[in-house]
Structure formats: structure tokens, C-alpha cells
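The next block holds one structure in the form of C-alpha cells; read it before the comments.
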Amino acid sequence: MKICVDLEKCQLHGQCVIAAPELFSFAADGKLQWVESPSGSQRRQAEEAADVCPEQAITIEA
Ligand code: SF4
């Protein structure tokens, strides 16, 4: 599984950070950082983050 974030769409609202704090966070410089290749057991969290993103910037590849 791979998580992709389209940073041109991302508006840094942070809903993904709230929904999946193990996978998404803000770096000290304010940029969004995320786990690009999470374990299979984290799929549900990744899907929740993608669902709540208001910009639909998160895609999950099998
Ligand atoms: S929820 Fe979407 S728009 Fe907001 S920070 Fe996360 S990826 Fe970016």
C-alpha cells in the first residue's frame, strides 16, 4: 500500500492529521508529512484520512 498526497490540492487543513495521527503530521516548518508506505494493518486509518480530506488530495494505491 502506498499513500500519495497531491500537495497542489492540499490546503493544510489537518483533518488527515486528526483522523490518522500515526500516518500524518505537520513538520516543524509547517509542511505536511506522511508515511508513504504504511503497513497493511494501517489501511483503515489511511482510508479514513482520505475520506475526511476536504480537498480529496489523498489517494491510496494498492
Ligand atoms: S486533510 Fe487533505 S487538505 Fe487537509 S492537510 Fe490533509 S491532505 Fe492536506
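Start at 1 and go down the list; that is how both ligands and their atoms are numbered. All heavy atoms count here, side chains included; hydrogens, waters and symmetry mates do not. Just so we're clear, the structure is a prediction, and the values are computed from it rather than from any experiment.
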Do the side chains of L12 and I3 join up, straight or via other hydrophobic residues, at under 4.5 Å, putting them in one cluster? yes
Quick check: do Q56 and D6 have side-chain heavy atoms less than 4.5 Å from each other? no
With side chains defined as the heavy atoms from C-beta onward, is the minimum distance between Q15 and P54 less than 4.5 Å? yes
Given side-chain contact (heavy atoms from CB on, under 4.5 Å), test I60 with E47 step by step and report yes or no. CA-CA 7 Å; I60 299 164; E47 288 175 347; 3.7 Å; yes
Taking a hydrophobic cluster as the set of Ile, Leu, Val, Met, Phe, Trp and Tyr residues connected by side-chain heavy atoms closer than 4.5 Å, whether directly or through intermediates, do L7 and V35 fall within one such cluster? yes
For atom 8 (Fe) of ligand 1, every protein N/O/S atom that sits closer than 2.8 Å, waters excluded: C10 SG
Got a sec, which hydrophobics cluster with I18, joining ILVMFWY side chains under 4.5 Å apart, including via others? none
